[in-house]
Number of protein chains: 2
Amino acid sequence: MQAGSDEGNWREDCAPRRVMEIFATKWTSMILHTLHAQHDGAARNGVLHRSLPGISKKMLVQTLREMEESGLIHRHVENTVPPAVEYSLTPLGIRFVGLVELVYGWGRENADALDQLQVRQTSRRKV
Amino acid sequence: MQAGSDEGNWREDCAPRRVMEIFATKWTSMILHTLHAQHDGAARNGVLHRSLPGISKKMLVQTLREMEESGLIHRHVENTVPPAVEYSLTPLGIRFVGLVELVYGWGRENADALDQLQVRQTSRRKV
DNA sequence: CATGGTGGTTACCTCTTGGTGACTACGTTC
DNA sequence: GAACGTAGTCACCAAGAGGTAACCACCATG
């Protein structure tokens, strides 16, 4: 794309820039991916927790709440004792899974490029 | 991908998770895109500043420094008065441009999905 | 002489992220 | 009775991202 044709619509709220919203919270893309990896696109809290090494209980719940508010996932509470909570992808969530898999796939195929990155561990958000 | 085949190599430093490093700093992907949009893959400080609405002088310089250290861009100082500084994509940077354009392209084609996202403006990193 | 464009640096400040650890409450198992 | 698994909530805290504003030096223009 040439600069001239680009600068006009490269505003602060243009679509390309807004894509980043989905990656703004550390765990969102990983939860989307994990749900998608289940054969029925759904998983319970405990399964998610065990599938995401490094996530804390708090961040898991907090991210799930945000994703529910965003319309990416659905939260279903089973009326059993103890209550079983199942999270599943909404149609919107499934669309974003496409993006996530696109990015993750690029990472798998370009692992050598990632290795070449001289990332300064300070001055960056931990990922 | 099935859960069983996935959980084994889904470690904290796996390639898919490391891809996010490139998006961890707010302006990195936009700078890569802007440089790529120039016909020669290079641009001067002032051009970049004017092409990225909303970026502050400090963040532009800071991000450029980090990208230089990461090996994504090259910084060339012209020995004129006043000195002209030109930033250009390295081969590694060009590889990552591929990823950025992939993501931005998805955003353009799925702008409606982005519109459906009910993003809570609080509790998210500004993008 | 003042302004503006070149390309920065520095101090200061705020907001958010994301972490830990303690606590709840219920039921089953050891 | 104690421990464990279900699914959380809450208070507290540290680190870092990223913003503003002032300042530097140089030169050309009005």
Checking side-chain polar atoms at under 3.5 Å, does A:Glu101 have a donor or acceptor matched by the opposite partner on A:His33? yes

What verdict does the side chain to side chain contact (heavy atoms under 4.5 Å, CB included) test give for B:Ser51 and B:Val47, after you've listed the backbone C-alpha separation in whole Å, the side-chain angles of each residue and the deciding distance to 0.1 Å? CA-CA 6 Å; B:Ser51 301; B:Val47 172; 4.0 Å; yes

Look at the side-chain N and O atoms of B:Arg44 and state whether any lies under 4.0 Å from the OP1 or OP2 oxygen of C:dG7. yes

Protein-nucleotide distance (B:His76, atom NE2; C:dG7, atom P), rounded to Å: 13 Å

Taking only N and O in the side chain of A:Ser56, is any of them less than 4.0 Å away from OP1 or OP2 of C:dG19? yes

Is there a donor-acceptor contact under 3.5 Å from the side chain of A:Thr90 to the main chain of A:Leu72? yes

Rounded to whole Å, CG of B:Leu48 lies from C1' of C:dT6 at a distance of 14 Å

Does a side-chain N or O from A:Asn45 land closer than 4.0 Å to OP1 or OP2 of D:dG8, or not? yes

Short side-chain N/O contact from A:Lys58 to OP1 or OP2 of D:dA11, under 4.0 Å: no

OP1 or OP2 of D:dA7 less than 4.0 angstrom from a side-chain nitrogen or oxygen of A:Arg75, does that happen here? no

At less than 4.0 Å, is any side-chain N or O atom of A:Lys26 found next to OP1 or OP2 of C:dG19? Yes or no. yes

Whole-Å gap separating P (C:dG7) and NZ (B:Lys57): 10 Å

Quickly work out the A:Glu86 CD to D:dG8 C1' distance and round it to whole Å. 17 Å

State whether B:Arg50 places a side-chain N or O below 4.0 Å from either non-bridging phosphate oxygen (OP1 or OP2) of C:dT6. yes

Find the distance A:His49:NE2 to D:dA7:P and express it as a whole number of Å. 12 Å

Is the shortest side-chain heavy-atom distance between A:Arg75 and A:Val85 below 4.5 Å? yes

My understanding is that only residues two or more places apart in sequence, or in another chain, count here; which of them pass side chain to side chain donor-acceptor pair (under 3.5 Å) with B:Asp40? none

Whichever of B:Tyr87 and A:Met59 has its nearest DNA chain C nucleotide further upstream toward 5': B:Tyr87

Rounded to the Å, how far apart are B:Arg65 CZ and C:dT9 C1'? 10 Å

Using whole Å, report how far CD of B:Glu78 lies from P of C:dG5. 22 Å

